[in-house]
Number of protein chains: 2
Amino acid sequence: MSKCQQCIIREFNTLRSLTADELKTMSKEKDVLTFKKGDIIFKEGNAINGVYCVKHGICKLSKLNANGKEQIVRFMKGGDMLGYRSILSEEPVTLTVTALKDMEACYIPKKEILDAIKENPKFSLDMMKTVCGDLRDANASLSNMAQKSVKERLADTMIFLKETFGEDEDGYLDIVLTREEIASVVGTATESAIRLLSEFKKKGFIELTGKRLKVIDEVGLLKLSQGF
Amino acid sequence: MSKCQQCIIREFNTLRSLTADELKTMSKEKDVLTFKKGDIIFKEGNAINGVYCVKHGICKLSKLNANGKEQIVRFMKGGDMLGYRSILSEEPVTLTVTALKDMEACYIPKKEILDAIKENPKFSLDMMKTVCGDLRDANASLSNMAQKSVKERLADTMIFLKETFGEDEDGYLDIVLTREEIASVVGTATESAIRLLSEFKKKGFIELTGKRLKVIDEVGLLKLSQGF
DNA sequence: TCAAGTCTATGATAAATGTCATATAATTTC
DNA sequence: GAAATTATATGACATTTATCATAGACTTGA
């Protein structure tokens, strides 16, 4: 079985603050899980008893609204920790997590995390920094959602996807989303998203090949996102 | 000078998890500050070196957007802790805080908070719980902002204000906002907010007396907020 | 107390966005 | 590999929301 001590992904998250001993215990207790594209890792309302340290793959975190529509709140990828909010606040999870690519993730029982927080102030602070960063981002998203137009938000989303997930060898975004999912990130109707994507394509901001998407003019998108 | 040990408000926030000794040190190091309605406590971009424990009063946390518009992200009142996100993530603050009522708040230097986190796991966990709760709320707001109509969001806001700040002896909300501020919470144009408030009044959901606002039919508002 | 400024209210209109309908393209399933 | 299903695309139209204009009500400060 793979050992946490030798796992590179750990350098990208708060687990880097653990001592060798703590890592060893964690390694013993963890499960290595795999998920196929489309698999649900956990659902809104579920009570989970551990966190997931994503090794690779991409997933979406979403919320179902009263009208049954899905709202994508954020994405996670290798290095991100999933479910820690629920563990720390001792509440069921409030988001549904779905794999967008095949994933591998380590499930670390809650006890290990809570022990480490109690024993290791460095880990504890690092953990807080992560939550605080997430909170800052969530506030910024809220403000954008409230004040920007759909077009501006779509431009933001294109840039965000490129910056976050990068491009493959052909220059296409290394994340594949349906139009419906794009609409759900932006917070608009699927048809509106489709229309605007076509417009962006016509204006030379992006290229579309089926579901694959290439950002051509990032500067143009950036200007657009700021209202020009 | 007032002592933290005897401060009741402490019971409402994470400082309740401190030991008597820790409280004593904190009490020695803290400043007691007052703010008048309209005063700015700190501004987006400022580097702060402590947190504010609100004793009483109400303030708004807002963000300026590219177009110069204010977006109110949340409110805080007695018992809430202000500025902890910035301290914990060692970043400048990303929100501007403005008093909406006269306020009293204790300024606690960063060192005291960080020391307590290092020394006291109970405080540390309690602190995390707070941040995580804020994060959960921010995600929920994001989802609402993305998927609800302006009318639904205004109904939500009315209910939220009543639940959070309560009513005075005449049944009016114990928080007074301008129409512009209400619009900023909801994320809409001031005129749209005014128009919808008039509509709500006509339909008997609320009563308006100048800036004072009374919720009459909370159930009606709730239904409306869910799209009926 | 009055004049200036700000806030609230409302109409008219424009712009943005959502909804419904339909057609084609892509994907899945048997 | 053909039929069924699902996803994408686009037009037509309805609805929501923003913007501009104007007027009266309320505050505030000299």
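Values in this document were obtained by computation on a predicted structure and should not be read as measured data. Numbered from 1 within each chain, the chains take letters A, B, ... in sequence-line order.
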Nucleotide [N], atom [atom2] - distance to [atom1] of [X] in whole Å:
X	N	atom1	atom2	answer
A:L177	D:dT8	CG	C1'	15 Å
A:E191	D:dT6	CD	P	17 Å
A:K151	D:dT17	NZ	P	19 Å
A:E180	D:dT8	CD	P	8 Å
A:E199	D:dT10	CD	P	12 Å
B:K148	D:dT17	NZ	C1'	18 Å
A:I194	D:dA7	CD1	C1'	8 Å

Would you tabulate the nitrogen or oxygen pairs shorter than 3.5 Å linking the protein to nucleotides 22-30 of chain D?
none

Between A:Y84 and A:Y52, does the ring centroid distance fall short of 6.0 Å?
->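 Judged by ring-centre distance (under 6.0 Å), A:Y84 and A:Y52 do not meet the cut-off.
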Quick check: does any side chain N or O of [X] sit under 3.5 Å from a backbone N or O of [Y], one acting as donor and the other as acceptor?
X	Y	result
B:K148	B:S225	yes
B:K101	B:D174	yes
B:K203	B:G220	no

Steps toward salt bridge (charged side-chain N to carboxylate O under 4.0 Å, His left out) verdict (B:D170, B:R212) = CA-CA 10 Å; B:D170 304 325; B:R212 301 210 306 156; 3.8 Å; yes
Between A:G210 and A:G187, which is nearer to the 5' end of DNA chain C once each is assigned its nearest nucleotide?
->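 Nearer the 5' end of the strand: A:G187.
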Considering heavy-atom distances to DNA chain C, does B:K201 or A:S149 have its closest nucleotide positioned more toward the 5' end?
->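 Taking each residue's closest nucleotide, the earlier one in sequence belongs to B:K201.
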Would you classify B:T190 as touching base, sugar-phosphate or nothing, given that sugar-phosphate means primed atoms plus P, OP1 and OP2, and contacts are heavy atoms under 4.0 Å?
->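 The residue B:T190 makes no contact with any strand.
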Ignoring backbone atoms, establish whether B:T188 has a side-chain N or O less than 4.0 Å from OP1 or OP2 of D:dA18.
->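 The answer is yes; a side-chain N or O of B:T188 sits under 4.0 Å from OP1 or OP2.
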Closer than 4.0 Å, any side-chain N/O of B:R195 to the OP1 or OP2 of D:dT17?
->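 So the side-chain polar atoms of B:R195 never come under 4.0 Å of the phosphate oxygens OP1 or OP2 of D:dT17.
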Using a strict cut-off of less than 4.0 Å between a Lys/Arg side-chain nitrogen and an Asp/Glu carboxylate oxygen, indicate whether A:K60 and A:E181 qualify as a salt bridge.
->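 Answer for the salt bridge query: yes.
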Salt bridge or not for B:R136 and A:E91, using N-O below 4.0 Å?
->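 The answer is yes: the pair qualifies as a salt bridge.
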Where B:P92 and B:R85 come nearest, the two heavy atoms and their spacing =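 So the two residues come closest at O-NH2, 3.7 Å.
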Specify the closest pair of heavy atoms between B:A138 and A:L135, including all atoms of both residues, with the distance to one decimal.
->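 Closest approach of B:A138 to A:L135, heavy atoms only: CB-CD1, 4.1 Å.
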Nearest nucleotide by nearest heavy atom, which residue falls closer to the 5' end of DNA chain D, A:L208 or B:A189?
->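 The residue closer to the strand's 5' end, by nearest nucleotide, is A:L208.
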Bounds of contact between DNA chain C and chain B, in 5' to 3' order, using a heavy-atom cut-off under 4.0 Å |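 That gives a stretch of C:dC7 to C:dA12.
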